[in-house]
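Okay, structure first, notes after.
FYI, side chains are in, hydrogens and waters are out, and symmetry mates aren't considered; it's all heavy atoms of this structure. Naming convention: chains lettered A, B, ... in sequence-line order (proteins, then strands); numbering from 1 in each chain.
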Amino acid sequence: MHDIRAIRENPAAFDAAMAKLGISDASSELLSVDEARRAAIQVAETMKAAGNAAAKEIGAAKAAGDDEAFNRLRAEVADTKKATAEQEQIAKDLDAKLRDLLMSLPNRPYDDVPEGTDENDNVELKRHGTPPTFDFQPKEHFEIKGVKGGMDFETAAKLSGSRFVLMSGAVARVHRALAQFMLDTHTEENGLTETIPPILVRDEAMYGTNQLPKFAEDSYQTREGMWLIPTSEVSLTNIVAGELINEDYLPRRYVAHTNCFRSEAGSAGRDTSGMLRQHQFEKVEMVSITHPTTSDVEHARMTACAEGILERLGLAYRTVVLCTGDMGFGARRTHDIEVWLPGQDTYREISSVSTCGDFQARRMNARFRGEDGKPQFVHTLNGSGLAVGRCLIAVLENGQTEDGGVNLPEALTPWLGGKTRITPEGTLA
RNA sequence: GGAGAGGUGGCCGAGUGGUCGAAGGCGCACGCCUGGAAAGUGUGUAGGCGGGAAACCGUCUCCAGGGUUCGAAUCCCUGUCUCUCCGCCA
C-alpha cells in the first residue's frame, strides 16, 4: 500500500513511477478523494469538538444543580448530534474509499529497475556455471527411464486431477533430500531461523502480502473461509503483522519448507507435461524483515543465499532482474534465478527474490521503533530458496546419463545415506 | 461438538458510569550516583488521523461493529479472537 502523504507531496514522481507500470495519471483520483476526505474530516471534527465542549458544560451544569441550563444544553446537543454522526460517516466512507484505492495499486519499482513490457526485457545480472553437454539427446525429467516409475501423473490424476504428481521411491527420496539440504544450508550457514508455519491462513494474512483483494482466484479457499497458502511468504511475512517491535529485533530472517497451493487459474495450457507447474508443490522459502536502510543489502544477500544452493548442486543458472512489466504486484525489485534445464534446452525460473520496501508493512501495519523513538514501517523481503520440485527437475535433467540413470550431485550425498545415483531401474545406488 | 472465562499501552497488569489516554510494574530514553559498571535513584515515555513552518491544537482509539446515556474502558446486543474444562481425535 502506498503512502498517501508521499503522493500528496510529490504526485509527479508517483505518476512517473506508476507510468512505468503502464498506469497513467494514477494520482489524480487518489488526490481528489484525499482532498474530499480531509475536508470532511475537518468539518466532522469541528462539529465533534463543539459537541464535546457542550457535553462538558452539561456536566458542569448538572454538578452545579442548574436544571435550566442543563435542560437547555441537552436540547442543543440533541439537535446537532445527528448531523455530526452523518458528517462522521461521510468522512469514514471517504477514508475507506481512499484505502481501497491505495490497496489495489501495485507497488512502485525502484529507479534501478529496467523498464520493459515482458520477460524479454528482463536484464541479466549474472550467469554461473556452464550448461552440461551430452553426447546423446537429453530428455525431459519425466521421460528419463530411471525416473518414470517414481513420478506418476496418471495415479495422481485419478486422485486429484491434472497438475498433480505422485512421487515414490528414489524420486521421492531425492525430493526430500533436496528440501532437507536446502533447509540445513539456510539454517546452519546462512543464519536463517527455521520455521514451521501454518499453511492455512485467514483473510488478513492474505491481504498483508497482497494476494487479496486482487488475486483471490489464484488461491484455494476452504469451506470455512481460510486460505491455503500459495507460498509461505504469506505465513512468514505476517509473523510481524500488527506488531510494533524493538529495533534491535531487526533483521529477522526466517526459512520454512512448506507445501504451496496454487490454482494456476491463468496458465491453462502452459507447462502441462511434467511436474514443472503443479497445483501443489513444495518450496523452501526465505523471508527477511529489515530496517529500511538495510533492505537493499538484504536483497542481495537473499539472492546469494538462493544462488548458493544451485552452486553447491553444481547447476548452471542465470540471474535476471525483472523489468517493470514482468514484476509482481508487491515488489519494488525482483531477482529471478533461472536454472538450466537440458531437457528444455533453456533456463527456467527456480527462484524469485523480491524486496517490497514498506509496501506490505503498511498493509500489515508492521512497525519498529526508530532512532528518534517514532514508529516506522519495516521493510519485507521474500525469496524462494528454492522451489523443491523444480530443483528436483533440474537435478534429474542435468544428471541424466545415456542409459536412463541419473548421477546425483555430490552435495546431496549426506542427505541420501551415501547414495549417489538413480539407476535406470529407478533405484538408489 | 458441549460448558465456561476473557481480550486494556512496546510488554505485564489495575481500573465496573464523569474528574481516565487510563494506576502500578517491566522495558526504553535522559540525568544523578560510580574510577567504570551493576545496584540504587530522579524525570520522561501510546498510537492513528486532521490542522500548523513549528510550538502546539483538535479528533479518534481500552478486540471490532452497533446500542443505552448529557457523558462509556466500565452497561446492553452482535461479531470476532484467545484461553480453560469435558468429549472426539493425529
Worksheet item: Between B/G21 and B/A73, how far is it from one C1' atom to the other, in whole Å?
Response: 10 Å
Fill in: Residues in side chain to side chain donor-acceptor pair (under 3.5 Å) contact with A/T117, at least two apart in sequence or another chain
A/D121
Discussion item. Work out how far the C1' atom of B/G9 is from that of B/C62, and round it to whole angstrom.
Written reply: 9 Å
Worksheet item: When you compare B/U19 with B/C28, how far apart are their P atoms, in angstrom units rounded to a whole number?
Response: 33 Å
Practice prompt. Can you tell me the pairing partner of B/A55 across any strand shown, Watson-Crick or G-U wobble, with both distances under 3.5 angstrom?
Written response: none
Worksheet entry | Nearest-angstrom distance from the residue atom CG of A/D203 to P of B/C81 | 11 Å
Worksheet item: Between A/H2 and A/F359, what is the ring plane arrangement, given parallel below 30°, perpendicular above 60°, and tilted in between?
Response: perpendicular
Worksheet item: Given atom CD of A/Q376 and atom P of B/G10, what is their separation to the nearest angstrom?
Response: 16 Å
Item to complete: Write down the distance separating the C1' atoms in B/U74 and B/U69, rounded off to the nearest Å.
Response: 13 Å
Worksheet item: Which value, in whole Å, describes the distance between the P atoms of nucleotides B/U45 and B/A39?
Response: 23 Å
Practice prompt. Could you state the atom-to-atom distance from CD of A/E204 to P of B/A64 in whole Å?
Written response: 14 Å
Discussion item. Show the nearest heavy-atom pair for residues A/F377 and A/P292, with the distance to one decimal.
Written reply: O-CG, 3.6 Å
Worksheet item: Which letters describe nucleotides 45-61 of chain B, given B = protein heavy atom under 4.0 Å from base, S = only from sugar-phosphate, - = neither?
Response: --SSBSS------BSS-
Item to complete: Take atom C1' in B/G44 and the same atom in B/C26, then report the distance between them in whole Å.
Response: 16 Å
Worksheet item: Base, sugar-phosphate, or nothing: which does A/R99 touch, judged by heavy atoms less than 4.0 Å apart?
Response: nothing
Pairs: protein N or O with nucleotides 24-27 of chain B N or O, under 3.5 Å:
none

Worksheet item: Would you call A/D218 and A/R262 a salt bridge, using N to O less than 4.0 angstrom?
Response: no
Worksheet item: Taking only residues at least two apart or on different chains, which pairs with a member in residues 91-109 of chain A satisfy salt bridge (charged side-chain N to carboxylate O under 4.0 Å, His left out)?
Response: A/R37-A/D95
Response to the item:
Taking a pair to mean Watson-Crick or G-U wobble geometry with both distances below 3.5 Å, B/A29 pairs with B/U43
Worksheet item: If we call it a pair only when both distances are under 3.5 Å in a Watson-Crick or G-U wobble match, what pairs with B/A22?
Response: none
Worksheet entry | Pairs touching residues 144-157 of chain A that satisfy side-chain hydrogen bond (donor to acceptor under 3.5 Å, both in side chains), sequence neighbours left out | A/D152-A/T155
Practice prompt. Determine which nucleotide pairs with B/C89, using a 3.5 Å limit on both distances of a Watson-Crick or G-U wobble pair.
Written response: none
Practice prompt. Could you tell me whether the side chain of A/R367 reaches within less than 4.5 Å of the side chain of A/Q376, counting heavy atoms only?
Written response: no
Practice prompt. Can you tell me, in whole Å, how much space there is between the P of B/G48 and that of B/G42?
Written response: 31 Å
Discussion item. Does the structure show a Watson-Crick or G-U wobble partner for B/G4, both distances under 3.5 Å? Name it, or say none.
Written reply: B/C83
Worksheet item: Taking atom C1' in both B/G87 and B/C20, what distance in whole Å separates the two?
Response: 44 Å
Kindly list each side-chain donor-acceptor pair under 3.5 angstrom involving residues 168-178 of chain A, sequence neighbours excluded, with atom names and distances?
{"unit_1": "A/R173", "atom_1": "NH2", "unit_2": "A/W415", "atom_2": "O", "d": "3.3"}

Worksheet item: Hey, are A/R253 and A/E298 close enough for a salt bridge, meaning a charged N less than 4.0 Å from a carboxylate O?
Response: yes
Worksheet item: Salt bridge check: are A/R8 and A/D3 linked by an N-O gap of less than 4.0 Å?
Response: no
